[in-house]
Amino acid sequence: MSDIATKIVARFSELGIKVQPEEVETKLDQLINKFKVPPEEARRNVINHFLKQNNIPRTEFFEKRETSQVKASEIKEDGRWVTLRGKVVQLWETNHESVSQTGLLGDESGTIKFTKWTKAGLPQVEEGKSYLFKNVVTSEYQGQFRVSLTKTSEIVPIDEDVEVGRTLVEYSGAIVDIQSGSGLIKRCPECNRALVKGACGEHGKVEGIYDLRVKAVMDDGEKVQDILLNREVTEALVGITLEQAKDMATEALDQAVVLDAIKSKLVGRYFIVSGAKLDRFILVDTIRQDTTPIDQDIMKLLSIAAPLAQEA
Ligand SMILES: [Zn+2]
């Protein structure tokens, strides 16, 4: 009961009105213990009493309070209601009908994953556009934070273009796998998503636009790292332009020939990549072949070979 009283006193104090805690407690005590009024009703009753006394409209007291605006990188707590001002950096394919949209939001401080539930009934957001995401709730999954947009959330488009802070990382290791969805792909002309069997998850069957990309897995012997190469980086690294890739596919009547060519050039080789870390991917800006591990292999061979040579 004193908990109810404390909250009532605190809320009135926010509105600039001093009410005596003892007075609140006495009134609550009478209603709850003497008149057996349920606590929630007693609370409302007491609040109304002080509202009338101070001439405050009910709406002002019960007004939903705006959640505080935070930066993406400041989210380090589960279950907090916050407001974010950010840009939709990426939209991903959703694989469950309960999820309306999912992807990455970014602001000056970095990026954070978001999920917009279908039940929330909120408008669609667009990649590259900036919004005020009001009253979203944070959660943690496997050490990574994300925000959920629910029924009580609000999406307000803003005119400015929020700059997205990039955390550049470098990673070196061997490319151990090229994932499906790499090579010559088609994208939806509406939302830019990669098509799966000629269809966009959002817009259905569409006339796709060709693109070239690589989704690969690297391994440095300790942990694996997903990397993403866009068209420019892929063209420069593999030595096949988008136009050449299209010709190869047309000639072979099969898009897979491009993927095979990429695999044969990359898998099993060592590289040093650098780029922005986005969720589990590094969006690669630069990639160069790393010759050091090969040298080390040669040194190893030499050290084995040397004693043998001496013996011979
Ligand atoms: Zn689409």
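Everything numeric in this text was worked out from a predicted model, so none of it was measured.
- In this structure a side-chain-to-backbone donor-acceptor pair under 3.5 Å is present from Gln244 to Thr241.
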field: Verdict with reasoning, Val24 to Phe12, per side chain to side chain contact (heavy atoms under 4.5 Å, CB included)
entry: CA-CA 11 Å; Val24 176; Phe12 271 103; over 6 Å; no
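- For Asp211 (side chain) and Lys186 (main-chain N/O), no donor-acceptor pair under 3.5 Å exists by modelled atom type.
- Checking side-chain atoms of Asn54 against main-chain N and O of Ile56 turns up no donor-acceptor pair under 3.5 Å.
- Put simply, the side chain of Ser13 never gets that close to the backbone of Lys18: no donor and acceptor are under 3.5 Å apart.
- A heavy-atom distance below 4.5 Å is found between the side chains of Phe271 and Leu266.
- Between the side chains of Thr83 and Lys134, no donor-acceptor pair of N or O atoms lies under 3.5 Å.
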task: Could you walk me through whether Arg43 and Glu40 pass the salt bridge (charged side-chain N to carboxylate O under 4.0 Å, His left out) test, one step at a time?
output: CA-CA 5 Å; Arg43 187 183 80 95; Glu40 182 49 38; 3.4 Å; yes
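- The shortest distance between side-chain heavy atoms of Lys34 and Asp29 does not fall below 4.5 Å.
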Side chain to side chain contact (heavy atoms under 4.5 Å, CB included) evaluation trace for Ile175 with Ile178: CA-CA 8 Å; Ile175 290 184; Ile178 305 288; 3.9 Å; yes
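- Counted within 6.0 Å of CD on Glu170, heavy atoms from surrounding residues, nucleotides or ligands total more than 12; the atom is thus considered enclosed.
- A donor-acceptor pair shorter than 3.5 Å cannot be found between the side chains of Glu202 and Gln101.
- Evaluation of the side-chain hydrogen bond (donor to acceptor under 3.5 Å, both in side chains) rule for Gln255 yields no partner, not counting sequence neighbours.
- With sequence neighbours excluded, the residues that form a side-chain hydrogen bond (donor to acceptor under 3.5 Å, both in side chains) with Arg280 are Asp226.
- Side-chain N/O atoms of Thr286 and Ser274 include a donor and acceptor closer than 3.5 Å.
- A donor-acceptor contact shorter than 3.5 Å is absent between the side chain of Ser139 and the backbone of Asp78.
- Thr111 and Gln90 form no side-chain donor-acceptor contact under 3.5 Å, judged by distance and modelled atom types alone.
- The residue from Asp107, Asp161, Asp159 that alone fulfils the side-chain contact (heavy atoms from CB on, under 4.5 Å) condition with Ser130 is Asp161.
- Of the possible donor and acceptor atoms, one in the side chain of Asn230 sits under 3.5 Å from a partner among the backbone N and O of Val233.
- For the residue pair Ser73 / Ser109, a side-chain donor-acceptor distance below 3.5 Å is found, with atom types taken as modelled.
- No donor-acceptor pair under 3.5 Å is formed between the side chain of Thr102 and the backbone N or O of Thr94.
- Atom CD of Glu207 has 12 or fewer heavy atoms from other residues, nucleotides or ligands within 6.0 Å.
- Distance alone, capped at 3.5 Å, places no donor-acceptor pair between the Lys265 side chain and the Leu237 backbone.
- Looking only at distances, no side-chain donor or acceptor of Gln30 sits under 3.5 Å from a matching main-chain atom of Lys27.
- Within the 3.5 Å criterion, the main-chain N or O of Asp220 finds a donor-acceptor partner in the side chain of Tyr171.
- Side-chain contact, Ser148 with Thr150: no donor N or O sits under 3.5 Å from an acceptor N or O.
- Summarising the local packing, CD of Glu163 is surrounded by 12 or fewer heavy atoms from other residues, nucleotides or ligands at distances under 6.0 Å.
- Residue Leu212 is tested with Arg231, Glu243, Glu232, Lys246 for a side-chain contact (heavy atoms from CB on, under 4.5 Å); the sole match is Arg231.
- Hydrophobic cluster membership of Leu84, counting Ile, Leu, Val, Met, Phe, Trp and Tyr whose side-chain heavy atoms lie under 4.5 Å apart directly or via other members: Val70, Ile75, Val82, Val88, Leu91, Leu105, Ile112, Phe114, Leu122, Val125, Tyr131, Phe133, Val136, Phe145, Val147, Leu149, Ile155.
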task: Would you check, one step at a time, whether the test side chain to side chain contact (heavy atoms under 4.5 Å, CB included) holds for Val217 with Gln225?
output: CA-CA 6 Å; Val217 182; Gln225 173 65 54; over 6 Å; no
